There are 2 protein chains.
Amino acid sequence: MVVSHCSSSYYRHIVQSPYISWSMEGDYRGLSSKISVQPFATKLLNATVTNFPCLLQGGQHKHKKGVQVLSQNISPPSFAVEYLDGREDEYNGVIIDPESLPSSANAFASALKASLSNWKLKGKKGIWMKILQEQVDLVPIAIQEGFHFHHAEPGYVMLTYWIPTGPCLLPASPSHQIGIAAFVINEKQEILVVKEKCPCTCSGVWKLPTGYINKSEEIYDGATREVKEETGIDTAFLEMVAFRHAQLVAFEKSDLMFVCMLKPLSTEITIDEKEIEDAKWIQVEELIAQPYYQQDELLKTVTAICMAAHQNRCYGFTAHQLTSIFDGQPSNLYYRT
Amino acid sequence: MVVSHCSSSYYRHIVQSPYISWSMEGDYRGLSSKISVQPFATKLLNATVTNFPCLLQGGQHKHKKGVQVLSQNISPPSFAVEYLDGREDEYNGVIIDPESLPSSANAFASALKASLSNWKLKGKKGIWMKILQEQVDLVPIAIQEGFHFHHAEPGYVMLTYWIPTGPCLLPASPSHQIGIAAFVINEKQEILVVKEKCPCTCSGVWKLPTGYINKSEEIYDGATREVKEETGIDTAFLEMVAFRHAQLVAFEKSDLMFVCMLKPLSTEITIDEKEIEDAKWIQVEELIAQPYYQQDELLKTVTAICMAAHQNRCYGFTAHQLTSIFDGQPSNLYYRT
């Protein structure tokens, strides 16, 4: 699906078009037709600011709202119509600025209805609306208007609305968590292992340090960080020797676990007592002799691959920083040189 | 962080403990103290079902609720207290069943308050509450009680509540989308390329078929599917020659793009006219001669890696199905054999 591909840079090439600011079709009785736009706008803002809650939230705005007074021969509605702030993306979609959302439910509901009609008239496609946790009262209103959950994380939920008929072509929500397993082997051919305090099935088993990468963290940085956190050992990334893809392991989400070969830069172990019961350097024979390893095809295979890579009998991927003009940002390309 | 590791199987080893069903501390005036629990429960269910909305949602329940009448010398409250249904996970957490949530906001709010107090008393840690899109009115109530957004996708939002003091140790929300790029080269040394209809920066450029994998789809299956969808060409997966990790490309989410070497099993191109402008077999010289390629470090490097792999000058990872006793499910381990 093409949009999926494009979505890898979907939001890096936002067309910096002017914000779609709220406009008014006015009933101008009592206003001189000679009044220019700016004084009218100013007067209106001063006089009726409480009717336009989004005007109260400009603290973090990067732009100024414009006010357009449309010609009076435009047909009704003959009352002020407020639109939500949004900027266009390169896919003929609109991205709503959460900081511009009205704080009042009524103002939001009316602005959303007006904006949806406006976007439909303009032939817009995908609408993206990020709603912050403190704005959560707006979520049911948006869902009621036909928005859907897209993704969320602590602090916000992202809602989307696909306007065209036919299947939604917006990119899917994030589907995977990225984990690492660290294979650290020293000059004495000893492997760094830990026993975890968690009550999971591997409790009491000597195993490789593992964990998830942090948001916006490179994979190999996540590996060295986890080893440092759990054991106090400093390491340097050598190569990625394998990765495991497990589907739908957690609430319909999937898991990629990258096995990283790391070179130890220190020897003294200092465990993280909150999470680690014990850590030590172990000979591979003792590691794989554990019943848990003997029963587990995955652990046995990963250990064999790591030993083969360590002994230069097979090779993994190394990491190479590259920037693509496609999304204009640095990234890491992992491959065998 | 240990829990991150464990979370790769976090929900595969749910302790199948009995559901924590709602119980009552009753004001039993008018009821004979000789009435046994079951008749009392039945009488109550029949008489006051509308006071217990969750009882109306049993259609898809996999279990029956129990009713416990506690001894009358328990201190107040002297009114019926309803708890939310939840099952324990192996991390001393609770997973709420969305099908059991009261449909009325008031009933939900009171049950949530009562349940939180109960979980705190019991020393529970992480609370997981999935709220379906049609239950969206409950979301602001839960956020008000201290829940946070965790993740979402069309159809539901997942909220979490970390009870202990100290940092939340629940696994993070999914952070990555998984894309593929397909390198399909035939016996004439021609590479299968497409021009996409999307208005992105690569518009008009001959490029490899790309896309995102579907939910619960294996990576190599996603690659062969995308090639088939975009060009009509049947292919077989050979190896994974590289992958790119790009961070925070879309709304604070990241992107992993796997470059898959595929063997063509057919020759006749039939494009997907909705998304593809054109497709053809191209010589590598013509592909890389395009100005866009000449300017783009990533595309040039990926093409060089693919040609080297095709000419056996370097090697990628092949896929091997393995089952781990850790999460008890089949998965694919990618590595160099």
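Each chain gets a letter, A, B and so on, in the order its sequence line appears, and its residues count up from 1. Quick note: numbers below take in every heavy atom, side chains included, and nothing from hydrogens, waters or symmetry partners. Since we're looking at a predicted model, the values are computed, not measured.
Heavy atoms closer than 4.5 Å to chain A are found in both the backbone and the side chain of B:Val157. With a threshold of 4.5 angstrom between heavy atoms, A:Ile219 approaches chain B through its backbone and through its side chain. Neither the backbone nor the side chain of B:Ile180 comes within contact range of chain A; no heavy atoms are under 4.5 Å apart.
In this structure, the separation between CD on A:Gln177 and OG on B:Ser175 is 7.0 Å, given to the nearest 0.5 Å. For the atom pair CG (B:Asp296) and CD1 (A:Ile325), the distance works out to 4.5 Å, reported to the nearest 0.5 Å. Considering NE2 of B:His320 and CZ of A:Arg244, their distance stands at 14.5 Å, rounded to 0.5 Å. Atom OG of B:Ser324 is separated from atom CD of A:Gln295 by 11.0 Å, given to the nearest 0.5 angstrom. For the atom pair CD1 of B:Ile178 and OG of A:Ser254, the computed distance is 8.5 Å after rounding to the nearest 0.5 Å. The CD atom of A:Glu134 lies 10.5 Å from the CD1 atom of B:Ile143; values are rounded to the nearest 0.5 Å.
Chosen from A:Val136, A:Leu298, A:Asp137, A:Ile213, the residue pairing most often with chain B at heavy-atom distances under 4.5 Å is A:Val136. Annotation: maximal heavy-atom pairing with chain A below 4.5 Å, among B:Thr323, B:Val194, B:Val259, B:Thr337, occurs at B:Thr323. The residue among A:Leu159, A:Ile141, A:Val139, A:Val241 with the most heavy atom pairs within less than 4.5 Å of chain B is A:Val241. Chosen from B:Arg313, B:Lys130, B:Glu217, the residue pairing most often with chain A at heavy-atom distances under 4.5 Å is B:Glu217. In terms of non-hydrogen atom pairs under 4.5 Å with chain B, the most contact-rich of A:His176, A:His148, A:Arg336 is A:His176. Taking B:Gly155, B:Ser216, B:Ser173, B:Pro154 one by one and counting their heavy-atom pairs under 4.5 Å with chain A, the maximum is reached by B:Ser216.
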Determine, step by step, whether B:Phe243 and A:Phe258 satisfy the ring-ring contact (aromatic ring centres under 6.0 Å, His included) criterion, reporting the C-alpha distance in whole Å, the side-chain angles of both residues, the deciding distance to 0.1 Å, and the verdict. CA-CA 12 Å; B:Phe243 65 88; A:Phe258 292 90; 5.2 Å; yes
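Atom CD of B:Gln144 has 12 or fewer neighbouring heavy atoms from other residues, nucleotides or ligands inside a 6.0 Å radius. For A:Lys195, the NZ atom is densely surrounded, since the number of other residues' heavy atoms within 6.0 Å is greater than 12.
The one candidate from B:Met158, B:His151, B:Gln133 that meets the side chain to side chain contact (heavy atoms under 4.5 Å, CB included) condition with A:Phe149 is B:Gln133.
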Donor-acceptor pairs under 3.5 angstrom involving side-chain atoms of residues 300-307 of chain B: please list them, not counting sequence neighbours.
{"unit_1": "B:Lys300", "atom_1": "NZ", "unit_2": "B:Gln294", "atom_2": "O", "d": "3.0"}
{"unit_1": "B:Thr301", "atom_1": "OG1", "unit_2": "B:Glu297", "atom_2": "O", "d": "2.6"}
{"unit_1": "B:Thr303", "atom_1": "OG1", "unit_2": "B:Leu299", "atom_2": "O", "d": "2.7"}

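Inspection of the B:Glu218 and A:His245 side chains reveals an N or O donor paired with an N or O acceptor under 3.5 Å.
A ring-centre distance under 6.0 Å is not found for B:Tyr315 and A:Tyr335.
A:Lys253 has its side chain out of reach of B:Lys215: every pair of non-hydrogen atoms, C-beta onward, lies at least 4.5 Å apart. Side chains of A:Leu169 and B:Lys274 form no contact here, defined as non-hydrogen atoms less than 4.5 Å apart.
Relative ring orientation between A:Phe317 and B:Phe317 is described as parallel, the plane-to-plane angle staying below 30° on a 0-90° scale split at 30° and 60°.
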